[in-house]
*Asks:* 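Attaching a single structure in structure tokens format; questions to follow.
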Amino acid sequence: SKGKLPPGPRKLPIVGNLFNMPSGGQVWLAYARMCHEYASDIIHLSALGNSVIVLNSAKSVSDLLEKRSSIYSSRPQLTMLHDMIGWKDAFSFSPYNDTWKAQRKLFTQLITPSDPARFYPKQIHATHALLEHLLISNDIMKELHHWAAVLIMDITYGINSKEAEPYITTAIEALDSIAIAGTPGAFLVDMLPFLKYVPEWFPGAGFKKKAKKWSELRIKMTEKPFIAAKKQIVKGNAVESLTSLALENIDLNQNISYQEDIIKGTAVTSYGVLLTGTHQVVAAVNAFILAMLLNMDIQRQAHNELDRVLGPGNLPTFDDESSLPYISAIVREVLRHNPITPLAIPHLLIQDDIYKDYFLLKGTVVIGNAWSILHDEETYPDPSVFNPSRFLDKNGRLNTDVMDPALIAFGFGRRICPGRHIAIASIWIAIASVLACYNIEKEVDKHGNVIEPSGKWFSGPSLFNRPLPFKCRFVPRSKEVEVALKAALDTN
Ligand code: HEM
């Protein structure tokens, strides 16, 4: 009654658009189609009294999520995940409140864009270990997961790869539980929050036992590595990390346990975000590998650039970045072509608002469709084609007139991914290093027949996007490279 809603499918009494809500996989495509159908870059849906708007253009995302960020930056809360399991203080999930502000401030102070080099040695170290493992392992996903987990354990807590394993095992278990509890509609208690008060023995109250077990896992994942990092400081052998830097800066005249809680929450969030179900960085590097298999000419161009700039067999460092524009263009195209977080993470509007004559209700879930923006024909002609050259000018340099997909692929406004600089650097060094050492080739079966990758992406229910498993081979580009990798493997 307060005003006109944005267009969208016709609503039924009580249930609203319950039956129009896209379900199954790749919902970003369904949202894009709906926006097309209603010829609008903003559409509205509602289900059982919950309001959702989808923003389908760079303009609407910028107008609302960026320019009005102060009222569009909260997060929807799920009773099971946030309240019962207790993840409400992990700042990627938390509402727009003082705890979120304190944790986010700490995180951005430590992982700051003005000092991107702080973690370069760790990124190089983890990437070299990945190169060695690719020589002897054909399980790419296992190697990539290990690479990312070890890297983030080191960055967050200063725990090295030899000690990291038990912490990673706990974290993966805890994050599996998040993947289940974080799926909207997975637990009735999310729709009927009073159910959280029923006793554990009550028929159908199995979710309470799960919540208890998963809450214990959350505590273990949060406390154990934090205690280990603190012990390193006490013993005087702390390795520089997000936790060590933050603990050293504690203000002894203020409430110490409050400050420690903020540090703990920040650390576990940054660690957890990387390990979440789909594992964005791993998915991006995996997407790159698939793209190389499907586009051998692009792989050849990348090899040519590396050989010309570094000389055959030499490994890149971050100092080479500006001399390797084609590699940077591949990173941009990986982020654009099949974005890993096509709908970012939904935001929540905390105040009634008016936009383009539409009335937007406080409490509305706001989804920015990054996929649509990154596939906008006007910005990126032939968007479905994997073409890194779209980011280069006629002299082969990065063309600043073409929008960098990182401006969209990492979300929006005050909730924009604060780990994006680490993520981009990690992806860049992995892509440059793997291509410097290896030819990425299609696998052959025991009869010598080439196994063609399907090129398909996961199509089950998930907010995130990742390629389906495929087979490939990493073939050293020369005998010298192979010998050097073997020697490194034996030494480590
Ligand atoms: C390819 C890799 C990555 C992608 C595509 C990605 C993408 C995103 C997106 C889309 C969001 C939500 C933004 C929004 O709400 O609008 C987000 C949030 C976040 N990301 Fe990333 N991310 C990546 C890697 C990382 C890494 C490496 C870290 C940590 C070192 C990180 C830390 C975070 C945190 C802490 C948040 C929550 C921010 C908040 O709610 O205030 N991300 N990320």
Side-chain angles (χ1 to χ4, degrees), residues 28 55 61-62 64-66 69 72-77 82 87-97 99-108 110-113 116 118-119 122-123 126 144 147-149 151-157 241-243 265-276 278-288 331-332 334-348 365-371 373-374 405-431 463-466:
W28 43 95
L55 307 174
V61 157
S62 158
L64 299 183
L65 298 182
E66 311 273 355
S69 205
Y72 279 86
S73 292
S74 202
R75 292 269 193 237
Q77 297 295 295
H82 302 107
W87 278 113
K88 63 182 177 312
D89 289 333
F91 78 94
S92 45
F93 303 128
S94 59
Y96 188 64
N97 60 17
T99 309
W100 170 78
K101 281 185 194 153
Q103 289 190 10
R104 173 118 192 167
K105 190 168 157 210
L106 182 59
F107 188 95
T108 35
L110 296 171
I111 298 186
T112 149
R118 173 176 281 164
F119 296 113
K122 291 177 194 289
Q123 286 167 320
L144 287 177
W147 162 71
L151 176 60
I152 205 67
M153 223 36 220
D154 191 7
I155 290 179
T156 316
Y157 297 108
S241 68
L242 188 152
T243 310
T266 312
V268 78
T269 306
S270 68
Y271 176 40
V273 161
L274 250 182
L275 285 169
T276 26
T278 50
H279 213 314
Q280 294 104 314
V281 171
V282 169
V285 177
N286 204 25
F288 146 75
V331 174
R332 289 186 182 192
V334 165
L335 293 174
R336 185 203 70 80
H337 184 243
N338 248 313
I340 301 305
T341 43
L343 297 176
I345 300 179
H347 290 215
L348 190 85
V365 173
V366 184
I367 297 176
N369 195 341
W371 185 91
I373 301 170
L374 294 170
L407 297 173
I408 301 296
F410 290 95
F412 314 106
R414 296 189 188 177
R415 296 305 288 233
I416 190 171
C417 172
R420 62 197 181 282
H421 306 285
I422 287 203
I424 295 171
S426 304
I427 296 168
W428 188 89
I429 196 72
I431 289 183
L463 260 189
F464 303 126
N465 199 10
R466 61 173 190 272

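For ligands, and for the atoms within them, numbers begin at 1 and follow the listed sequence. Small disclaimer: the values here were computed from a predicted structure and weren't measured.
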*Asks:* If you look at every heavy atom in I422 and Q123, which pair is closest and at what distance?
*Replies:*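 What the structure gives for the nearest pair is O-NE2, 3.3 Å.
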*Asks:* Is R414 close to ligand 1, meaning an N/O of one under 3.5 Å from an N/O of the other?
*Replies:*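 For ligand 1, there is no N or O atom that lies under 3.5 Å from one belonging to R414.
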*Asks:* Tell me which part of I155 gets within contact of ligand 1: side chain, backbone, both or neither, using heavy atoms under 4.0 Å.
*Replies:*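 For I155, there is no contact with ligand 1 at all, from either part.
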*Asks:* Just let me know how T341 lines up against ligand 1, side chain, backbone, both or neither, with a heavy-atom cut-off below 4.0 Å.
*Replies:*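 Answer for T341: side chain.
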*Asks:* Which atom pair, heavy atoms only, marks the closest approach of I416 to R104?
*Replies:*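 Answer, listing the atom of I416 first, then R104: O-NH2, 2.5 Å.
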*Asks:* For T156, state whether at least one heavy atom is located under 4.0 Å from any atom of ligand 1.
*Replies:*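 Flag not set, T156 not near ligand 1.
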*Asks:* With a cut-off of 4.0 Å, which atoms of ligand 1 are near a heavy atom of R104?
*Replies:*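 Close to R104: 38 (C), 39 (C), 41 (O).
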*Asks:* For F93 and W87, work out which heavy atoms get closest and say how close.
*Replies:*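 F93 and W87 have their closest heavy atoms at CD1-O, 3.8 Å.
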*Asks:* Side-chain contact test, heavy atoms from C-beta onward, threshold under 4.5 Å: evaluate it for T156 versus S241 and give yes or no.
*Replies:*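 Contact flag for T156/S241 side chains = no.
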*Asks:* Kindly identify the option in V61, V281, I340, I345 whose heavy atom sits closest to atom 12 (C) of ligand 1.
*Replies:*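 Selected option, by shortest heavy-atom distance: I345.
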*Asks:* Going by the atom numbers of ligand 1, which of them fall below 4.0 Å from some non-hydrogen atom of I427?
*Replies:*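 That gives atoms 1 (C) of ligand 1.
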*Asks:* With side chains defined as the heavy atoms from C-beta onward, is the minimum distance between T341 and F410 less than 4.5 Å?
*Replies:*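 No, side chains not in contact.
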*Asks:* Could you see which bit of R420 sits under 4.0 Å from ligand 1, with heavy atoms only: side chain, backbone, both or neither?
*Replies:*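 For R420, there is no contact with ligand 1 at all, from either part.
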*Asks:* Are N369 and L55 close enough that some pair of their side-chain heavy atoms sits under 4.5 Å apart?
*Replies:*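 When only atoms from C-beta onward are counted, L55 and N369 do not touch, as no gap falls below 4.5 Å.
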*Asks:* Hey, is the main chain of K105 close enough, under 3.5 Å, to the side chain of T108 for a donor-acceptor pair?
*Replies:*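 Yes.
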*Asks:* Is there a heavy atom in R75 that sits closer than 4.0 Å to ligand 1?
*Replies:*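 Yes, that is the case, since the closest heavy atom of the residue is under 4.0 Å from the ligand.
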*Asks:* Regarding R415 and Y96, do their side chains bring together a donor and an acceptor under 3.5 Å, going by distance alone?
*Replies:*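 Short answer, no.
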*Asks:* Under 4.0 Å, counting heavy atoms only: does W100 come that close to any atom of ligand 1?
*Replies:*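 Per 4.0 Å heavy-atom rule, W100 contacts ligand 1.
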*Asks:* Which of the atoms of ligand 1 are close to A344, meaning less than 4.0 Å from one of its heavy atoms?
*Replies:*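 It comes down to these atoms of ligand 1: 10 (C), 16 (O).
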*Asks:* Which is closest to atom 34 (C) of ligand 1 in terms of heavy atoms, P418, G419, A425?
*Replies:*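 Of the listed residues, P418 has the closest heavy atom.
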